[in-house]
Amino acid sequence: MVDIHAQFKGVQKSYDGESLVVEELNLDIESGEFLTMLGPSGSGKTTCLMMLAGFETVTRGDIFINGKAINRIPPHKRGIGMVFQNYALFPHMTVFENLAFPLQVRKIPQSDADKKIKRALEMVQLIGFEGRRPGQLSGGQQQRVAVARALVFEPSLVLMDEPLGALDKNLREKMQYELKHIHENLGVTVVYVTHDQSEALTMSNRVAVFNEGRIQQLAPPDILYERPENAFVAQFIGENNRFCGEVVDIKNGLCRVRVDNGAEINAVNICAEINKKSNLSLRPERVQVGQVSDCDENQFTAKLMEKIYLGDHIRFRFSLLGNGEFIVKVPNSGELSGINVGNEVPVGWKSKDCRALDPSAA
């Protein structure tokens, strides 16, 4: 049986009493999981995190932690650790003093506090930095202090609001793995907010994709990427080739879609209806170039418009079936080195790798 740590039940949020920023949110957060709320700006993800933290009030519905309604419990009594994008460290305090502050608020004896601070600093690899102030640390070091401060009082739930947004690309990627490992070692429940889909895929056990105040899909990263449930998720998660057309046949879980130039594409039927419009979703790495004999009925000729060498793989941009931005990614094995811009080449894909989705959620 799954142990539920936190719950949103019928939660709504409105700032003006008319429009809803969050619409009827029902979400169970499992104990010990790393759940990411992912979505574009204004999708409601940060508002949900702030309601869970207690910094925003719920307009309607209830939020529970360990089965107890917390709507009327102030933030400092919810026992939640918080990590913000701007770190929110006290600039006049040393690293040690920043970590000591949440322990002092909770009246932890000094001897116990010293042990907890040492353990937290070891966790983020900052032993020896106790006497420095935030201004004497790099951005990455400051972020580690912020993480340590959120964990030092050993909360069972930690909320992180775009904590890596201010870091450069290389440091951000390094911190993703460090946060993932800290979570795995501690077993603490983490709710993480970001608009960066690669960040969400890297660290999460499950990802809730938000758009316009609603969860579009909630699933583990691989399911989210391989089996998006609607056109919005397919476009937002990873790179995606899209065709629009009309469903002309449905049979045995597959459908045939006629695109604008008259060609027909076979795809897995997710939520398509006969004689209705559908969006087709196809990942660039699922497309075969040159040898396409095993691609059942989805075999076409495409014109190469651009070829980019990226070391471990090659990125092709083709013009295909009226789509001049058809992207293909292939491993750099050397087999396709002879294909050049302007060439017309066979391309194809298996029907099972193409998904016919509801266009209304695009």
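Computation of the quantities below employed the complete heavy-atom set of this structure, encompassing side-chain atoms and omitting hydrogens, waters and symmetry-equivalent molecules.
- Shortest non-hydrogen contact noted between A263 and L321 is CB-CD2, 3.7 Å.
- Salt bridge E264/R256: present, at least one basic N to carboxylate O contact under 4.0 Å.
- Residues F236 and P228 fail the side-chain proximity criterion, which asks for heavy atoms closer than 4.5 Å.
- Counting all heavy atoms, side chain and backbone alike, H5 lies closest to T189 at ND1-OG1, 2.9 Å.
- With respect to the salt-bridge test (charged N to carboxylate O, under 4.0 angstrom), the residues E178 and R144 qualify.
- More than 12 heavy-atom neighbours from other residues, nucleotides or ligands sit within 6.0 angstrom of CG on D312.
- Of the residues Y192, Y177, F34, the one that meets the ring-ring contact (aromatic ring centres under 6.0 Å, His included) test with H183 is F34.
- Under the 3.5 Å distance criterion, the side-chain polar atoms of N343 are left unmatched by any main-chain donor or acceptor of L304.
- Residue R78 places its CZ atom among more than 12 non-hydrogen atoms of other residues, nucleotides or ligands, all under 6.0 Å distant.
- To the nearest 0.5 angstrom, L27 atom CG is 6.0 Å from L35 atom CG.
- The number of heavy-atom neighbours closer than 6.0 Å to CZ of R317, taken from other residues, nucleotides and ligands shown, is above 12.
- A heavy-atom distance below 4.5 Å is not found between the side chains of L357 and L280.
- Salt bridge annotation for E24-R60: absent, with no cationic side-chain nitrogen under 4.0 angstrom from a carboxylate oxygen.
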Just do the side-chain hydrogen bond (donor to acceptor under 3.5 Å, both in side chains) check on N240 and S281 with the steps written out, would you?
CA-CA 6 Å; N240 178 61; S281 169; 2.6 Å; yes

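- Between atom CG of residue N66 and atom CD1 of residue I4 there is a gap of 10.5 Å, rounded to the nearest 0.5 Å.
- Between K180 and E199, none of the side-chain N atoms (NZ, or NE/NH1/NH2) sits under 4.0 Å from a carboxylate O, so this pair counts as no salt bridge.
- For the pair R206 and E33, the salt-bridge criterion is met [side-chain N within less than 4.0 Å of a carboxylate O].
- In this structure, V152 and I117 have side chains that are in contact, with non-hydrogen atoms separated by less than 4.5 Å.
- Closest of all the heavy-atom pairs between E162 and K45 is OE2-CE, 4.1 Å.
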Are R286 and E226 close enough, and set up right, to give a salt bridge (charged side-chain N to carboxylate O under 4.0 Å, His left out), and what steps lead you there?
CA-CA 10 Å; R286 294 289 185 256; E226 300 289 351; 2.8 Å; yes

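- Taking the side chain as every heavy atom from C-beta outward, F318 and V289 approach each other to under 4.5 Å.
- The number of heavy-atom neighbours closer than 6.0 Å to CD of E212, taken from other residues, nucleotides and ligands shown, is 12 or below.
- Listed by first and then second residue, the ring pair (Phe, Tyr, Trp, His ring centres under 6.0 Å) pairs involving residues 258-313 are F300-W349 (not counting sequence neighbours).
- A146 and V83 get closest at one heavy-atom pair: O-CG2, 3.9 Å.
- Salt-bridge annotation for E239 and K329: present, with a side-chain N of the basic residue lying under 4.0 Å from a carboxylate O of the acidic one.
- Between the side chain of R355 and the main chain of I270, no donor-acceptor pair closer than 3.5 Å is present.
- The closest side-chain heavy-atom distance from Y15 to E56 is below 4.5 Å.
- When ring centroids are compared, F64 and F8 stay outside the 6.0 Å threshold.
- The CD atom of Q216 lies 11.0 Å from the CG atom of L224; values are rounded to the nearest 0.5 Å.
- Partner N266 forms a side-chain hydrogen bond (donor to acceptor under 3.5 Å, both in side chains) with one of K350, K251, E297, K352 and no other, that one being E297.
- Residues R283 and D353 fail the side-chain proximity criterion, which asks for heavy atoms closer than 4.5 Å.
- Scanning for ring pair (Phe, Tyr, Trp, His ring centres under 6.0 Å) contacts around F101 gives F90, with sequence neighbours left out.
- We find that R214 and E23 are joined by a salt bridge, their nearest charged nitrogen and carboxylate oxygen being less than 4.0 Å apart.
- Panel note: side chain T36, backbone V207; no donor-acceptor pair is recorded below 3.5 Å.
- A pairwise comparison of heavy atoms in G131 and T94 identifies O-CG2, 3.5 Å as the closest pair.
- We find the CZ-CD distance between R242 and Q235 to be 4.5 Å, quoted to the nearest 0.5 Å.
- A donor-acceptor pair shorter than 3.5 Å can be found between the side chains of S198 and D196.
- By the 4.5 Å heavy-atom criterion applied to side chains, E30 and N205 are not counted as neighbours.
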